2 protein chains.
Amino acid sequence: MNLEKRGLSERKKQILKAIVNAHIEGGEPVGSKYILQNQQLGCSSATIRNEMAELEEMGYLEQPHASAGRVPSELGYRFYVDTLIERYAMTTGEIAQINNLLKAKIGELDQILLAASHLASNLTNYTGIAIKPRVRSVSISKFETIYLEPDHFILVAVTSTGAVKSKHVRVERAVTQATVARLATALNEHLTGLTADEITLPIIMETEAQMGADASAVGTVIKIVYGLLSELDEGEMRVSGIDRLLQYPEYSDVGQLQELLGTLEKKDDILDLVSRSENEGINVLIGSESEVKVMNNSALVFKPIVQNGKTVGAIGILGPRRMDYAKVLATLEGLSGNIADIIHANKQLNGGDHNGGNENNGG
Amino acid sequence: MNLEKRGLSERKKQILKAIVNAHIEGGEPVGSKYILQNQQLGCSSATIRNEMAELEEMGYLEQPHASAGRVPSELGYRFYVDTLIERYAMTTGEIAQINNLLKAKIGELDQILLAASHLASNLTNYTGIAIKPRVRSVSISKFETIYLEPDHFILVAVTSTGAVKSKHVRVERAVTQATVARLATALNEHLTGLTADEITLPIIMETEAQMGADASAVGTVIKIVYGLLSELDEGEMRVSGIDRLLQYPEYSDVGQLQELLGTLEKKDDILDLVSRSENEGINVLIGSESEVKVMNNSALVFKPIVQNGKTVGAIGILGPRRMDYAKVLATLEGLSGNIADIIHANKQLNGGDHNGGNENNGG
DNA sequence: ATTAGCACTCCAACAAAAAGAGTGCTAAAA
DNA sequence: TTTTAGCACTCTTTTTGTTGGAGTGCTAAT
């Protein structure tokens, strides 16, 4: 017992792992008898009980009430995810499913993320989340205008991350096709690479000067550009497969469920959490490790999608604290590998090796 | 009793209305005693009981069990919505809220619909739905290309409904800025106004011919255009405020709730329903009136957004069958009026009168 | 046609009892 | 010193029974 100060005995590890696995599968507290029957550790249930009592004392297990089985504590899950978990190998079927669905969606990042989170939800049977994080500083790398009618054109902006945004623009004074083309040029010369904060009055005035007689449209457009940039700042989050949560008994309490759904609706908390993360590997947040109040018996696992050193998106899984971490980690890794392939270049998808490291981040 | 064959007596109407109102508010079966105390109809509870028994026989009321109060049947709600409902006037506060939020979102239809459904959910305290219906035939009215790198440009398409879609395009053989500009011209000349089905091989060949030496890119782009058109065909549906459902006791049964959430996740059923609707007024679907299985104790109210005679979107409310129809109808009407203002022209919002007719459509 | 009165039904809530699962502890065995 | 069998104990879950109340339907009188 003294020598266990700095680590768990092999037997304790085996018991803890068995308990976590059993609880992940069944959701019920696990008793010594069950362990006895399902593990070969050549000792009696009484010994197991003793070990369990010690594991509880050490903080890895909890007892829902005086005479129930044991349930893994938050610390127990942490230890499990960090050291005990056995890597889950995706089946060829799953890999094929990923490839097929994502291949069909080669396109804008938004759609890829959405499809991926859907897929993640399907494969893991938990709730999937697709996130475009808030970013401190997006800028626009290219403007284009599309003339429609004398008082009506479309402003298209390509952002530094490659996303394309557009807005209809209506102006008071009629403009010509040539004018809106000149406008695009002017915008490209003065506003590219600037964040919302950097669009200052002098810059606006320069742009207006360049447009000469047609300066009146500039004000309207700048306002729209500004709004566009702030929109991009806001981030976005979409949820898929909420219905899957309901199959887990931890969410059969309506109050709890309502709180959780509320958090998913509000989006802010999770969006913040993901946007602030600096871990580019897989993030695993178990229960109260995250500041999001509601998560107490839930867990959030997410993987940022990084492009040129910048986090441009994330896919995640939300589920009960006792989720099947092995499967979730493998799924998110597989998916993010494929997404990386797609966005870095439109090269052929081949399901190759994307062992994206199994880094975990507690709190 | 004979003369009631073709209509309900005034007293029956009053009783029915009182029962529906009471049940909408409380969610509990309503008894004769309650009616006696809350309505001035100068008769005893025994008489009310008799009337209630007859209303039940006629199919307007139901009894959950032998000795409970009465609950409105589906037919009862239908009758209520069609003839008994009292128009609800939006408060100035609500009108102001609508104007402020929508004003801020002047932009693409998607965003307006999303904001509106959010708002509808907030105002009514039920779940809001924003829908872009499947449409038989979308075409593209204008193409534009944005050159980025020699093997990489962006294709922007403006659809016949004014929506803007874009796709990144990567090509094998390097192209110049001039080439992508010519490509846009070629696409505009050959593909505008065509639906996905109408893009035939001859047309493709003509386009390729026009591009001469750069024909190789045409194939890639056509595939993308095709995908883009089918995407537009698919329709879209976004849900907001699911958490609000949980406050109503009819959704405290996990099984029921799961089915409902499943329907909302799948989107297909509701999307079909809305896409196929030909009623441009407010549609009210109560319980099993819709083919969507799950709705049995739910109701869906939605209002198409029509532009140039075409349904370009819809906003809706999903809630318990006993929802506050008066409020829901008023809210959707108010919102759709404002949306119409915004999309028809960017004229100033003024919260003016949009009495969009109170048409109802039973199954 | 309406109403008072009453017996009847059914549900909901509570209480008590029984069943079960799992533990902790003790004393003996390895 | 560690392990184990055995058993009493605790706490939950399920079952069963009881009671109270709400609301109806019916009958007989108005």
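Reckoned from all heavy atoms, side chains included, excluding hydrogens, waters and symmetry mates. This structure is a prediction, so every number in the text was calculated from the model and none was measured. Here is the naming used below: chain letters follow the sequence lines, and residue numbers restart at 1 for every chain.
- Of the residues in residues 62-71 of chain A, those with a non-hydrogen atom less than 4.0 angstrom from any atom of DNA chain C are Gln63(A), Ser67(A), Ala68(A), Gly69(A), Arg70(A).
- Rounded to whole Å, atom P of dG25(D) lies 13 Å from atom CD1 of Ile48(B).
- Going from atom CZ of Arg49(B) over to atom P of dC8(C) covers 16 Å, rounded to whole Å.
- Spacing between atom CG of Asn50(B) and atom C1' of dT3(C) amounts to 9 Å, rounded to whole angstrom units.
- Under 4.0 Å is where a charged nitrogen must lie from a carboxylate oxygen, and between Glu289(B) and Arg78(B) at least one such pair does.
- Between Leu300(B) and Ile129(B), some side-chain heavy-atom pair lies under the 4.5 Å cut-off.
- Ile15(B) has its CD1 atom 10 Å from the P atom of dT2(C), to the nearest Å.
- Glu51(A) has its CD atom 15 Å from the C1' atom of dG24(C), to the nearest Å.
- For Arg11(A) and dT4(D), the CZ to C1' distance is 12 Å, given to the nearest whole Å.
- Following rounding to the nearest Å, Met52(B) (CE) and dT3(C) (P) show an atom-to-atom distance of 15 Å.
- In this structure, CG of Leu55(A) is placed 18 Å from P of dG22(C), rounded to the nearest angstrom.
- To the nearest 0.5 angstrom, Leu271(A) atom CG is 11.0 Å from Lys266(A) atom NZ.
- There is no side-chain donor-acceptor pair under 3.5 Å between Asn122(B) and Gln97(B).
- No donor-acceptor distance shorter than 3.5 angstrom exists from the side chain of Tyr80(A) to the backbone of Asn21(A), with no hydrogens or angles considered.
- Between Thr47(B) and Ala53(A), the one whose closest nucleotide on DNA chain C sits nearer the 5' end is Thr47(B).
- Electrostatic pairing of Arg322(A) and Glu250(A) counts as a salt bridge here, judged by a charged N lying under 4.0 Å from a carboxylate O.
- Taking a 4.0 Å limit (strictly below) on heavy-atom distances, residues 21-37 of chain B reaches DNA chain D at Gly31(B), Ser32(B).
- Salt-bridge formation is not detected for the pair Lys293(B)/Glu259(B): no Lys NZ or Arg NE/NH1/NH2 atom is positioned less than 4.0 Å from an Asp or Glu carboxylate oxygen.
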- [ ] Verify side chain to side chain donor-acceptor pair (under 3.5 Å) between Tyr34(B) and Glu28(B), making sure each step is shown before the conclusion.
- [x] CA-CA 11 Å; Tyr34(B) 179 92; Glu28(B) 306 265 288; over 6 Å; no
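- With respect to Leu332(A), the side chain to side chain contact (heavy atoms under 4.5 Å, CB included) criterion is satisfied by exactly one of Thr124(A), Leu123(A), Ile315(A), Asn283(A): Ile315(A).
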